[in-house]
Protein chains: 4
Amino acid sequence: MTPPKPPMQLNAKKPHRRLPQQRRAHQTVDAVLDAVVRVLKREGVKAVTTNRLAEVAGVSIGSVYQYFPDKQAIFVALHQRHIDQIDRMVQTKLVEHAASSLDELMQAMIDGMIDAHSADPELYELLATEVPHRADGTRDFAVRLHGAFRLALSARAHELKDGRNIDELVFVVTNMVESLSHAALFRRPTRLSLAAAKAEVVRAVLAYLNS
Amino acid sequence: MTPPKPPMQLNAKKPHRRLPQQRRAHQTVDAVLDAVVRVLKREGVKAVTTNRLAEVAGVSIGSVYQYFPDKQAIFVALHQRHIDQIDRMVQTKLVEHAASSLDELMQAMIDGMIDAHSADPELYELLATEVPHRADGTRDFAVRLHGAFRLALSARAHELKDGRNIDELVFVVTNMVESLSHAALFRRPTRLSLAAAKAEVVRAVLAYLNS
Amino acid sequence: MTPPKPPMQLNAKKPHRRLPQQRRAHQTVDAVLDAVVRVLKREGVKAVTTNRLAEVAGVSIGSVYQYFPDKQAIFVALHQRHIDQIDRMVQTKLVEHAASSLDELMQAMIDGMIDAHSADPELYELLATEVPHRADGTRDFAVRLHGAFRLALSARAHELKDGRNIDELVFVVTNMVESLSHAALFRRPTRLSLAAAKAEVVRAVLAYLNS
Amino acid sequence: MTPPKPPMQLNAKKPHRRLPQQRRAHQTVDAVLDAVVRVLKREGVKAVTTNRLAEVAGVSIGSVYQYFPDKQAIFVALHQRHIDQIDRMVQTKLVEHAASSLDELMQAMIDGMIDAHSADPELYELLATEVPHRADGTRDFAVRLHGAFRLALSARAHELKDGRNIDELVFVVTNMVESLSHAALFRRPTRLSLAAAKAEVVRAVLAYLNS
DNA sequence: CATGAATGAGTGTTCATTCAT
DNA sequence: AATGAATGAACACTCATTCAT
């Protein structure tokens with residue numbers, strides 16, 4: 001039922017750089033990725049230099065370039081790591097709520113979306129605003145997310161009013177869920193609780209679906 | 001009736017840099033801002049160096065620093081220019097539709113939002129994704145936009161169901177209008193016309209407001 | 001009578017790097033070129049880094065790159081400077097000995113060749129053996145030198161035995177003069193004086209011409 | 001009759017590196033040397049990195065350093081391999097033409113010189129122009145070549161005009177043969193056939209010897 | 001005010017070499 | 001001996017910024 005999800009990969013622009021195949025290699029990749037996060041949060045984007053990354057990751061700069069063809073690839077991998085996590089969550093919810101109503105599924109999706117970003121809001125805010133995101137994997141992600149919602153809505157067409165256009169629905173719902181979840185977490189006014197904001201997001205999505 | 005709108009300003013981190021007060025000064029500032037746009041679109045963010053900017057603007061690098069304390073200020077000013085334009089549009093709509101129903105006003109706002117970005121979609125997409133936006137003026141803008149919507153909704157409280165919380169409404173509506181307008185323009189699937197997408201955005205906002 | 005000699009130029013691979021046009025600019029270019037020579041002789045090719053060059057030249061590394069598109073261009077310019085000098089010498093000899101016999105001209109050419117390198121034999125030995133010479137200007141030089149000798153020999157065809165092929169003559173004589181002059185200066189056995197070596201080179205060239 | 005020829009050796013700057021003594025060792029050394037040639041011709045000097053060499057040679061980088069103390073030693077060995085070949089050729093000609101006249105011997109020497117480089121002209125051009133040649137083994141070679149010609153000329157002193165200085169003769173002839181052979185192969189103008197150029201080189205050498 | 005040559009700290013990246021396995 | 005992941009010194013080069021003219 002869930003579409004096959006491609007496993008996370010470093011992008012393979014420069015094919016002579018070998019992919020991590022061994023235990024130690026994976027450790028290095030993760031160490032570097034964690035280092036980006038740490039430096040990003042503690043010192044800001046401008047401090048994210050490849051040499052600083054190596055230092056914080058506790059590996060040599062040469063090792064960094066053993067696994068990443070260039071600096072951009074590090075950011076791409078970081079984005080990918082996040083995207084994969086969201087993707088996994090979405091697939092899980094889809095399966096878990098295969099038998100649920102549209103309302104329940106949407107609620108679960110929004111919950112999942114907010115939860116996924118709650119783990120480290122600061123990081124995800126930084127990723128979204130400060131770290132350059134080329135169209136690379138981000139596009140793929142949008143497509144995948146879109147696909148998931150299309151699947152969910154198609155399977156529940158009977159719950160929708162007659163004559164609703166599935167393309168329009170998918171487009172609006174996907175964007176609402178994504179952007180309002182972000183907003184609830186990152187841009188909600190201080191006097192609004194997260195729970196209240198979340199409830200309101202759910203209300204908005206359902207109101208649209210049932211309109 | 002309209003909240004006082006602060007005039008556009010270069011941010012004044014370094015106070016010894018004087019504001020443009022003369023004809024020629026304004027010309028330089030605009031020339032530089034236009035140069036950013038041109039270089040951004042033709043050569044990408046990486047090509048946006050202060051020296052290239054000066055060259056394309058047809059002024060000396062020294063002159064650039066006469067009006068901008070540093071490179072970041074150029075980006076801020078560019079964002080500001082866009083923000084001011086949106087701001088102006090919002091105020092105008094608010095005045096024009098002072099007597100309109102909530103539905104009509106929302107429709108007008110979404111129209112205005114999309115129109116404002118339609119002028120140069122490529123640019124605004126670049127501004128949003130490639131040009132670093134510090135919390136600087138962006139925060140101010142969010143606050144102003146928020147304020148405008150709060151005003152509009154407060155004045156039409158009678159059209160809303162009883163017991164709706166104004167903070168929640170403002171939060172959701174503001175974010176929906178902004179992000180869905182962007183999405184309609186930049187991330188709409190190819191088989192969806194702009195008109196159809198726009199209509200659906202309106203539908204979503206109104207469905208929420210009337211829920 | 002002498003073919004028009006193109007003035008020395010930095011090679012213009014990367015056209016956005018402006019050519020030196022002013023007094024100060026020329027000083028910088030020369031300072032850098034002199035620095036290469038100094039570092040080359042005192043510390044070896046491996047010590048010739050762009051930063052060391054800037055340091056020794058007494059200019060900033062930025063200034064170096066204001067006038068040279070990359071490191072290779074510095075070497076090319078250095079070779080060019082030498083080549084131009086030889087070229088100038090050759091043209092001069094050609095003019096000065098316009099009325100001389102072939103024997104006298106050849107003697108003068110060999111003299112000139114050796115003198116030109118005598119000024120700083122160590123440098124020219126380094127240039128020839130240690131400094132990478134791409135086909136760039138070196139090819140042009142070979143052609144120009146070839147042309148000069150062709151001119152000289154053609155004009156004295158009557159001094160040559162009937163049936164000698166001018167192409168063959170030019171080829172052999174040009175290469176003999178160049179390589180034997182170098183050899184006389186750089187590879188002559190210690191018990192051979194420069195004067196004796198030079199005399200022998202002349203003898204060899206004339207023997208061939210008169211054969 | 002032939003002077004004792006030192007056997008080919010890797011230069012022994014770092015004495016703890018053992019000489020190749022076994023079958024497999026020789027294979028590695030040769031594989032590396034062949035790899036240099038291949039990379040040099042296909043990808044240029046800049047691509048000749050020790051790691052690339054190991055890769056192309058099909059051995060590990062560690063093995064490369066088992067047999068070569070450093071990168072320079074690889075180049076030295078490559079030059080040496082060429083030099084030894086020339087050396088062998090020279091000795092052979094000397095023996096073969098022990099009873100020949102000076103003219104015949106010179107002709108044979110020039111033939112041999114050109115033939116030796118004809119096998120792979122591209123390679124020898126690259127070796128001469130792109131691959132750094134320290135004074136290391138090159139000096140030895142010059143001395144050996146010199147020695148061979150001295151031997152040949154001394155033994156045929158009776159064929160020479162009285163009063164010719166053997167040092168001068170050896171110096172000029174050695175350099176003529178070497179540089180003109182190279183020129184005939186690498187720098188001959190296109191409209192000159194190799195045969196014609198070779199004939200002319202012979203003519204030049206003999207003209208000098210008989211002058 | 002305008003100019004643009006000069007600056008130089010700092011960046012991404014390479015690659016010869018080592019050494020634990 | 002062989003391996004190849006790891007190392008890190010060193011390099012070429014950029015570009016925001018300054019300041020003498």
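The sequence lines fix the lettering, A, B, ..., with proteins before strands; numbering per chain opens at 1. The shown structure was predicted, so the numbers you read here are calculated from the model rather than taken from an experiment.
- Remark: C:R52 pairs with C:V39, C:E43, C:T49, C:E55, C:V56 by the side-chain contact (heavy atoms from CB on, under 4.5 Å) rule, at least two apart or across chains.
- Not counting sequence neighbours, C:F75 has no partner by the ring-ring contact (aromatic ring centres under 6.0 Å, His included) test.
- Atoms CG (A:D70) and C1' (E:dT14) sit 14 Å apart, rounded to a whole Å.
- The phosphate of F:dA6 has OP1 or OP2 within less than 4.0 Å of a side-chain N or O from A:Y67.
- When the side-chain hydrogen bond (donor to acceptor under 3.5 Å, both in side chains) test is applied to D:T129, no partner is found at least two apart in sequence or on another chain.
- Put simply, NZ on D:K71 is 8 Å from C1' on E:dA16, counting in whole angstrom units.
- Distance C:Q72 CD to F:dC11 P: 17 Å, rounded to the nearest Å.
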Where do N or O atoms of nucleotides 7-9 of chain F meet protein N or O atoms at under 3.5 Å, pair by pair?
from  : atom 1 : to    : atom 2 : distance (Å)
F:dT7 : OP2    : A:S60 : N      : 3.1
F:dT7 : OP2    : A:S60 : OG     : 3.2
F:dT7 : OP2    : A:S63 : OG     : 2.9
F:dG8 : N7     : A:G62 : N      : 3.2

Tell me, with the steps shown, if D:L123 and D:R38 meet side chain to side chain contact (heavy atoms under 4.5 Å, CB included).
-> CA-CA 9 Å; D:L123 169 62; D:R38 209 149 46 232; over 6 Å; no

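- B:E55 places its CD atom 14 Å from the C1' atom of F:dC15, with the value rounded to the nearest Å.
- Annotation: side-chain hydrogen bond (donor to acceptor under 3.5 Å, both in side chains) contacts of C:T50 (sequence neighbours excluded): none.
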Give DNA chain F the dot-bracket treatment, 5' to 3': Watson-Crick (N1-N3 with N6-O4 or O6-N4) or G-U (N1-O2, O6-N3) under 3.5 Å, [ ] crossing, | other strand.
-> .||||||||||||||||||||

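- Here E:dC1 presents its P atom at 14 Å from CZ of B:F68, a figure rounded to the nearest Å.
- Rounded to a whole Å, the CG atom of C:L53 is 12 Å from the P atom of F:dC13.
- Within the structure, salt bridge (Lys or Arg N to Asp or Glu O under 4.0 Å) pairs that include any residue of residues 71-80 of chain D do not occur (at least two apart or interchain).
- Spacing between atom OH of D:Y65 and atom P of E:dA20 amounts to 18 Å, rounded to whole angstrom units.
- Where A:T50 and D:T50 meet DNA chain E, the nucleotide closest to each residue was compared, and A:T50 sits on the side nearer the 5' end.
- Residues forming a side-chain hydrogen bond (donor to acceptor under 3.5 Å, both in side chains) with D:N51 (at least two apart in sequence, or on another chain): none.
- Distance, B:K46 NZ to F:dA16 C1': 17 Å, rounded to whole Å.
- Here A:E130 contributes atom CD and A:K41 contributes atom NZ; the two are 13.5 Å apart, rounded to the nearest 0.5 Å.
- When each of D:V32, D:V36, D:I83 is paired with D:L78, the side-chain contact (heavy atoms from CB on, under 4.5 Å) condition holds for D:V36 and for no other.
- If you take atom P in E:dC1 and the same atom in F:dT21, they sit 23 Å apart, rounded to whole Å.
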